[in-house]
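Within every chain, numbering begins at 1; the chains are lettered A, B, ... in the order of the sequence lines, protein sequences first and strands thereafter. These figures come from a predicted structure and were not determined experimentally.
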Amino acid sequence: MSVLDELAWRGLLQDATEGAAEHLAQEPRGVYIGFDPTADSLHVGSLLPIMLLVHLQRAGHHPIALVGGATGLIGDPSGKSAERPLLTREGMEANARGIRAQLEHFLDFEAAPNPARMRNNLDWLGRTNVLDFLRDIGKHFSVNAMLRKESVRRRVESDEQGISFTEFSYQLLQAADFLHLFRDDGCSVQMGGSDQWGNITAGVDLVRRVTGGHAFGAVAPLITTSSGTKFGKTEEGTIWLDPRRTSPYRFYQFWINVPDADVGDYLRFFTLLDRPEIEALDAATEAEPHRRAAQKALAEDVTRRVHGDPGLARAQQATAALFGGSLEGLDAAEIGDIFADVPSSTVARTDLEGEGVALLDLLADTGLCSSKGDARRSVEGGGIYLNGERATDTAARVGGSLFIEGRYLVLRKGKKSYHLVEAAGS
RNA sequence: GGUAGGGUACCGAAGCGGUCAAACGGGGCAGACUGUAAAUCUGCUGGCUCAAGCCUUCGAAGGUUCGAAUCCUUCCCCUACCA
């Protein structure tokens with residue numbers, strides 16, 4: 001089975017240029033995908049292109065992760081909301097290092113015949129001057145053709161949203177990248193999300209015009225959620241791969257909470273489980289949905305790859321304690337351990353003496369509720385739990401005696417929001 | 001630069017001198033039902049004390065008025081058409 005067939009059954013292949021399958025089937029090829037270094041961490045949305053590279057490397061091809069240092073310095077103009085703050089060169093380089101570290105969880109940069117490589121387009125685009133660029137690259141583009149590109153045409157014809165020159169010329173930069181990698185890195189295939197299709201084919205065309213060589217492109221569909229929300233965002237924000245931004249526990253929970261309707265797709269997208277395994281999990285979801293076997297397999301697989309076995313173990317431990325049953329029987333040390341990844345805050349022990357602090361203040365201070373009014377409403381609505389017991393009294397006060405072994409208090413709002421309060425000070 | 005229409009809470013969108021903390025929809029949160037899913041139903045959704053009170057909000061700053069999101073002035077910003 002060729003690698004494109006593999007991608008196809010997983011639903012990772014939306015479109016490919018003519019001959020791409022044969023090209024990849026013949027011999028190992030260099031294949032690249034671009035990543036934006038706009039933050040020092042990738043997020044789960046980047047997982048899809050990463051998985052494309054993973055599959056390609058497994059199939060013996062040479063994966064190249066291209067960091068868009070140059071394009072990142074300019075700022076991706078698409079999307080009309082707010083100009084992106086310009087990155088400094090140092091910031092961009094730091095981001096690139098962070099991204100590299102994360103890619104190492106997925107790609108093997110040491111593999112003997114076909115190590116993964118990383119490139120930064122600032123290395124060549126940053127040295128190009130305008131006149132050379134216009135002569136060497138711009139000359140090969142027909143504005144007529146550029147205007148016909150779907151993404152451009154929609155904007156040109158739109159009354160609400162025009163298109164700036166910068167954005168219009170973006171496809172030239174990306175095409176120039178492809179040309180450079182084609183010549184200097186022996187890279188003949190570019191992949192990406194389907195929104196990149198126009199840019200990729202622009203690169204394919206450029207390579208042919210300049211070198212007479214033949215390059216190829218293939219794109220994955222955009223990830224959708226059954227509820228129509230943006231994949232990878234939760235109320236708490238983006239799900240990042242960096243444990244300092246998104247704890248392994250939260251990361252694990254993100255996957256556990258995937259709706260039944262999506263879990264089959266995600267298993268195909270984000271894990272390397274083979275077809276029979278996934279189909280078995282599909283069947284399990286169908287037959288006994290309450291077991292959540294597919295969600296667990298998904299969460300386990302992805303969390304392990306991103307955070308390693310220790311991270312997965314911590315996440316599962318915390319999950320078992322929180323959702324598996326009560327906190328009874330756990331001692332303070334275990335609780336502290338389990339909740340290492342859960343949001344927490346400290347309260348001075350002296351404040352807990354006597355009457356203690358008002359529950360509503362505590363809820364507002366910890367951020368579990370956005371204000372005292374919100375806290376009050378939550379308690380009145382029965383959505384607040386202290387150490388697993390529903391709080392019913394809005395006037396309740398929290399004293400030291402409620403703390404497990406005098407150290408920890410577990411606050412919970414609703415079913416899934418936990419907050420650990422630690423008593424501090426002597 | 002001209003003309004017209006706009007800027008209202010997280011978003012969309014009513015309101016157009018008092019009864020407006022501001023209709024309605026979406027989103028969000030909680031409850032019920034469940035399976036840490038979806039759908040559905042119910043409640044809540046500016047802040048502070050919460051009861052009946054107070055404070056801050058309707059682009060910004062001033063003004064008129066007993067009283068303004070609503071009227072006036074100036075300014076800023078959007079959108080369309082024209083130049």
Just jot down the side-chain contact (heavy atoms from CB on, under 4.5 Å) partners of A/R304, sequence neighbours excluded, or say none. A/E300, A/D309, A/L312
On RNA chain B, nearest-nucleotide positions of A/E380 versus A/G373: which is more 5'? A/G373
Winner on side-chain proximity to A/R292, out of B/G35, B/G31, B/C29, is B/G35
Please determine which of A/V306, A/N95, A/L47, A/L103 meets the side chain to side chain contact (heavy atoms under 4.5 Å, CB included) test together with A/L42. A/L103
Quick one: A/Y252 OH to B/U36 P, roughly how many Å, whole number? 13 Å
By the 4.0 Å heavy-atom rule, please label A/R390 as base, sugar-phosphate, or nothing. sugar-phosphate
State, without any angle test, whether A/N121 and A/D177 hold a side-chain donor-acceptor pair at a distance under 3.5 Å. yes
Among side-chain atoms of A/D123 and A/N120, is any donor-acceptor pair under 3.5 angstrom? no
Counting only Watson-Crick or G-U wobble pairs whose two distances fall under 3.5 Å, which nucleotide matches B/A38? none
B/U65 - base-pair partner by Watson-Crick or wobble geometry, distances under 3.5 Å: none
How far, in whole Å, is B/C48 from B/U57 if one measures between their C1' atoms? 15 Å
What is the distance, to the nearest angstrom, from the CG atom on A/L360 to the C1' atom on B/C48? 12 Å
Out of B/G31, B/C50, B/G35, whichever nucleotide has its closest atom nearest the side chain of A/P289: B/G35
Between A/W255 and A/F270, ring centroids under 6.0 Å: yes
Work out how far the P atom of B/C20 is from that of B/G53, and round it to whole angstrom. 14 Å
Integer angstrom distance from the C1' of B/G46 to that of B/A9: 8 Å
Applying the Watson-Crick and G-U wobble criteria at under 3.5 Å, what pairs with B/A14? Answer none if nothing qualifies. none
Distances under 3.5 Å between protein N/O atoms and the N/O atoms of nucleotides 41-46 of chain B, please, pair by pair.
unit_1	atom_1	unit_2	atom_2	d
B/C44	O2'	A/R377	NE	3.1

From C-beta outward on A/P259, which listed nucleotide comes closest to its side chain: B/G35, B/A38, B/U36? B/A38
By nearest atom, which of the nucleotides B/U36, B/A30, B/C50 is closest to the A/S417 side chain? B/A30
In whole angstrom, give the distance that lies between atom CD of A/E288 and atom P of B/U36. 14 Å
Distance, rounded to the nearest Å, where A/D262 contributes CG and B/A39 contributes P: 11 Å
Classify the side-chain pair A/H419/A/S345 by whether it contains a donor and acceptor separated by less than 3.5 Å. yes
Expected list for residues 391-404 of chain A: side-chain donor-acceptor pairs under 3.5 angstrom, two or more places apart:
unit_1	atom_1	unit_2	atom_2	d
A/D393	OD1	A/A395	N	2.8
A/R397	NE	A/G356	O	3.4
A/R397	NH2	A/G356	O	3.1

Any side-chain N or O of A/Y385 under 4.0 Å from OP1/OP2 of B/G31? yes
With a 4.0 Å heavy-atom cut-off, tell me which residues in residues 298-317 of chain A come close to RNA chain B, sorted by residue number. none
Let me know the distance between CG of A/D374 and C1' of B/C50, rounded to the nearest Å. 15 Å
So, OP1 or OP2 of B/G35: does either fall under 4.0 Å of a side-chain N or O from A/K416? no
Sequence neighbours excluded, the answer for side-chain contact (heavy atoms from CB on, under 4.5 Å) partners of A/A293 is A/L281, A/A284
Taking atom P in both B/U49 and B/A39, what distance in whole Å separates the two? 36 Å
Please give the nucleotide sitting opposite B/A80 as a Watson-Crick or G-U wobble pair, both distances under 3.5 Å, or none. B/U3
Of the nucleotides B/A30, B/G47, B/A37, which has the atom closest to the A/S370 side chain? B/G47
Partner residues of A/R97 under the side-chain contact (heavy atoms from CB on, under 4.5 Å) criterion, sequence neighbours left out: A/E93, A/A94
Suppose you measure atom C1' in B/U70 against the same atom in B/G17; what distance do you get, rounded to whole Å? 6 Å
For A/K296 and B/U36, give me the distance from atom NZ to atom P, rounded to whole Å. 9 Å
Could you work out the separation of B/U74 and B/A14 based on their C1' atoms and round it to a whole Å? 28 Å
Out of B/G35, B/U49, B/U36, minimum distance to the side chain of A/K372 belongs to B/U49
According to the Watson-Crick and G-U wobble definitions, with both distances under 3.5 Å, which nucleotide is paired to B/C54? B/G47
Identify every side-chain donor-acceptor pair in residues 361-369 of chain A under 3.5 Å, counting partners at least two apart or on other chains, and give the distances.
unit_1	atom_1	unit_2	atom_2	d
A/D361	OD1	A/K372	NZ	3.0
A/T366	OG1	A/L362	O	3.1
A/T366	OG1	A/L363	O	3.0
A/T366	OG1	A/L368	N	3.4

Side-chain donor/acceptor pairs under 3.5 Å, residues 50-69 of chain A, sequence neighbours excluded:
unit_1	atom_1	unit_2	atom_2	d
A/Q57	OE1	A/D108	N	3.0
A/Q57	NE2	A/D108	O	2.8
A/Q57	NE2	A/N114	O	3.0
A/H61	ND1	A/R29	N	2.9
A/H61	NE2	A/L24	O	3.2

The salt bridge (Lys or Arg N to Asp or Glu O under 4.0 Å) partners of A/E279 (sequence neighbours excluded) come to A/R275
Pick the P atom in B/G18 and in B/C72, then give their distance to the nearest Å. 15 Å
Could you tell me how far apart A/Q253 (CD) and B/A37 (P) are, to the nearest whole angstrom? 10 Å
If you check the A/Q295 side chain, which of B/G35, B/U36, B/A30 turns out closest? B/G35
Shortest side-chain distance from A/H290, nucleotide among B/G35, B/C50, B/A37: B/G35
Output the rounded distance in Å from CZ (A/R376) to C1' (B/C29). 17 Å
Using the C1' atom in both, what is the distance from B/G35 to B/G43, to the nearest Å? 24 Å
Walking RNA chain B from its 5' end, the first of A/T285 and A/G382 to be reached, judged by nearest nucleotide, is A/G382
